[in-house]
Amino acid sequence: MSAATKSFSRILESVCHRLDLDVPCTDRNATRFAEYISAACKLAWEYYPWPDAMQLVPETVLAHPTLTGSKYIPKVTATRTIGTLAGVYTANPLCDPNARQLTVTKRADGYYLPAGSTAATVWLDYRPAPPEYSATVHVLTNTYAVGALVWDKTGTGHNYKARAAVTANTALSDTSKWLVTPVLSCLAEPIIAGVVGANNASEGNHGTARVKLDYMLEMIEHEITLLTNQEAQ
């Protein structure tokens, strides 16, 4: 089952409502708020290992391009960036009772398997790097470089990240080129509070900003309590 999510547009609308601003917000505000959303998401995302953020996927083990004999899992590929690695397994640990966790060595460019390992494919249990958001509106006739962030303002309302170079007239529905980057529903309220707090701070209202940022942390802790209570049942 997919995790519950909200679109970038929904988050923007909620922020505008909290700040008593017109919807849709101005381009200038959308650009500012996109930066605040990215910052608030990073804080909330890295605060706790949210189950909805975790990924469990098979991965091909690669020979290192310069270290002869070394086999590793790159930290960054065209389709993902590992933020936090929870484990590397010989098989899917949710399905295979014989799955074993492998010991890996972390380095700046990735995770190295033990010398002499013959593994060709492993399963990664990891949390991706926190998503970033942009108010740059997608234009179908434009070309985009790898990593470009765009907003489907008049469509789904989501942000998308280019996972490969994108030629003109490539639809956002082309999953070989675009990766949708929604906001996890469990983090929506904390993120909105963080954005409102950041906006208040930028306007010099530091007392109000502190209240909103405290509320953001309270909402994160509330979501954690809900998760732990569910796990205890």
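Below, each value reflects all heavy atoms present in this structure, side chains not excepted, and no hydrogens, waters or symmetry copies.
The closest side-chain heavy-atom distance from M54 to D125 is below 4.5 Å. Put simply, the side chain of S202 reaches to within 4.5 Å of the side chain of R32, judged on heavy atoms. Looking only at side-chain heavy atoms (C-beta outward), E13 and R10 come within less than 4.5 Å of each other. The side-chain heavy atoms of L21 and F33, taken from C-beta on, include a pair separated by under 4.5 Å.
Sparse packing is recorded around CG of D22, with 12 or fewer heavy atoms of other residues, nucleotides or ligands lying under 6.0 Å away. Heavy-atom neighbours of K212 NZ from other residues, nucleotides or ligands within 6.0 Å: at or below the threshold of 12. Atom CD of E132 has 12 or fewer neighbouring heavy atoms from other residues, nucleotides or ligands inside a 6.0 Å radius. Residue-environment remark: CG (D27) stays at or below the threshold of 12 foreign heavy atoms within 6.0 Å.
In terms of modelled atom types and a separation under 3.5 Å, the side chain of Y36 and the main chain of T31 share no donor-acceptor contact. Put simply, the side chain of H222 never gets that close to the backbone of E218: no donor and acceptor are under 3.5 Å apart. Using a distance-only test at 3.5 Å, with no hydrogens or angles considered, no donor-acceptor pair links the side chain of N199 to the main chain of V195. For the pair R127 (side chain) and P51 (backbone), a donor-acceptor distance under 3.5 Å is absent. Judged by distance alone, with hydrogens and angles left aside, the side-chain atoms of S117 form no donor-acceptor pair with the main-chain N or O of P114 at under 3.5 Å. No donor-acceptor distance shorter than 3.5 angstrom exists from the side chain of N200 to the backbone of N205, with no hydrogens or angles considered.
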Steps toward salt bridge (charged side-chain N to carboxylate O under 4.0 Å, His left out) verdict (E189, R18)
CA-CA 11 Å; E189 185 60 29; R18 305 288 175 90; 2.9 Å; yes

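Taking the six-membered ring for Trp and the full ring otherwise, the centers of H158 and W178 sit at least 6.0 Å from each other.
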